[in-house]
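Every chain is numbered from 1, with letters handed out A, B, ... down the list of sequences.
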Amino acid sequence: MSDSASEKNSVLMEKIVSLCKRRGFIFQSAEIYGGLNGCWDYGPLGAELKRNLKDYWWRKNVQERDDILGMDGSILTHQDVLKASGHVGGFSDPMCDCLLSNARLRADQIEPQSGTVYHYSGASHAESDWSVEREYAVLIGEGQDENKARKTARLFFSKFLKDKQISPKKLELAGERTEAVEDTTRFNPANGSLLTEPREFNLMFKTNMGASSDENDESTVAYLRPETAQTIFVQFKNVAETNRVKLPFGIAQIGKSFRNEINPRNYTFRSREFEQMEIEFFCRPEEGLALTDEWLERRLVFYEEIGIPREHLHILDIPDGERAHYSKKTYDIEYEFPFGIQELEGVAYRGDYDLSKHIEHSGKPLEFFDDETKEKFVPHVVEPSAGCDRTILAVICEAFEEETVTDEKGKEETRTVMHFSPRIAPVKAGIFPLLKNKPELVEKAREIQAQLAPFMNVFYDEAGAIGRRYRRQDEIGTPYCVTVDFETLGESGDDLKDTVTLRERDSMKQERIAIADLRSFLLDKMV
RNA sequence: GCGGGUAUAGCUUAGUGGUAAAGCCCUAGCCUUCCAAGCUAGUUAUGUGGGUUCGAUUCCCACUACCCGCUCCA
């Protein structure tokens, strides 16, 4: 991406963020107290939008299918569940920082090195009467010049100089001693500098349960779930046994998960609290790979249905070696955000890894008995796991447009439009009387509002000129506006009596429609 | 976590070591027969905490948050 394109995209992102705040889609969490890093709140319109997305996903994946069942698991999670899944031991990265360059490295990914370690206890500068005492060390590989160690050490100690004019070369090193080491991972392979002690960053939020809980009592430890998936695996047996299921079948869940991200970024994209929409689709081992491809295709259709065209999505077929060790196939579905191409959803074939782990740790039989073949086995699972908040952000980015329109007088102006699909638009229709000081118009408009309100979210507005009201709805992505005018009242004859102006958002075209047909017309657009 | 930047009203921006300005938005009223019209009135801001100072929104320090680049993303 060129600098100018990158700048343009960050301006675009700022406009989107600003609109989201101005119109009440998304607010910063605890804003009046300075904000909470990596947390966001949905305002009135954002809450509607998100609810519509979740409802549509649930309807398509649970209610319209007879082979997927829903559930809603607890967020607080038994520590043994996450020990079994590997999250307690493995859901953390030991990190260390280079003392010289401040580069951050994964401690477990450093190649072991051998050579001579040059230790130092400090440095001084005689002319300015300056000195520092601090342990430091540099690793010199075999055959390398030992003066490189001194040069690196001077560079390190020079970071503590107040007077930046003093050259590192003028520093006097103290306490040099050497030591031969083998296979150490304590030094930065790039420059030989000593690293900080590895620190664990477990990405899970840990808490203690019970009224008399004691922080140090290991038995009271519980976690906020880092993914919704584990609650599904843990309830696999209960769901399967209470529902007369046949393979393949799925269990779906929408819910909050929590990860203590080191570095939340990009608006709501990487948040510490986020919502997932996940399906664990259980199948016979031989069906797994084909079902993974099927799910990928089905999920792409879903994104198209909520207004994200396929050409703005990227499918990443995660190659061997980069997938989780238990996965035989993983696709990432990515979207072209203004800040870069980023993942919305992963479709992963996880084999029998999760159920097997829970069988092993709980000692409970979670095998599936197939009545037809009389076989007993651990089902394999395909997991389409979508980020709800990420999808909302993608939908918002995709919908946003600043359109240049020319009015009758030839004057150009900017129309801000959110092109939300009617399926997920927060407001389905604006209901307006043409003029607010004509009681007959107001009364009729209120009647229409009352007729539609039980079926969909509509918004009544009588303030300001009609054009302004249309534009206000454009900006929040309302697909249709209904205007009660004098024809509605029968002033232009009986033909137009009880019809209204229906104005479509994207084309700004107007047509007349009978009040009696409004409800079915609008509902049809939302299926 | 590192480096750089930013923080004034709901939004976008002025400005100042001594009463903080404007446009848009919003609210109320008047007016208005289809795409942000007009008139009148009105609400709302210097992120938080310290320091320097008679006095700080302005200068300094710390913190918090956001943005950009690294890093990370099981």
J.: Check this one for me: any side-chain N or O of N437(A) less than 4.0 Å away from OP1 or OP2 of U32(B)?
T.: yes

J.: Nearest to the side chain of S18(A) - C67(B), U32(B), U12(B)?
T.: U12(B)

J.: Quick check on H78(A): does its NE2 atom have over 12 non-hydrogen neighbours (other residues, nucleotides or ligands) under 6.0 Å away?
T.: no

J.: Between C2(B), C66(B), U33(B), which nucleotide gets closest to the side-chain atoms of E491(A)?
T.: U33(B)

J.: Ignoring the backbone of K21(A), work out which of U32(B), G10(B), A65(B) is nearest its side chain.
T.: G10(B)

J.: Nearest to the R472(A) side chain among C35(B), C26(B), C68(B), which nucleotide is it?
T.: C26(B)

J.: Of the listed nucleotides (C35(B), G10(B), A36(B)), which one gets closest to any side-chain atom of E475(A)?
T.: A36(B)

J.: Check whether any side-chain nitrogen or oxygen of R468(A) sits under 4.0 Å from OP1 or OP2 of C26(B), and answer yes or no.
T.: yes

J.: Does K436(A) place a side-chain N or O at less than 4.0 Å from the phosphate oxygens OP1/OP2 of U32(B)?
T.: no

J.: Are Y223(A) and F258(A) close enough that their ring centers fall under 6.0 Å?
T.: no

J.: Is the phosphate of C67(B) approached by N266(A) (side-chain N or O, under 4.0 Å from OP1 or OP2)?
T.: no

J.: Taking only the side-chain heavy atoms of A465(A) (C-beta and beyond), determine which of A37(B), C35(B), G29(B) contains the nearest atom.
T.: A37(B)

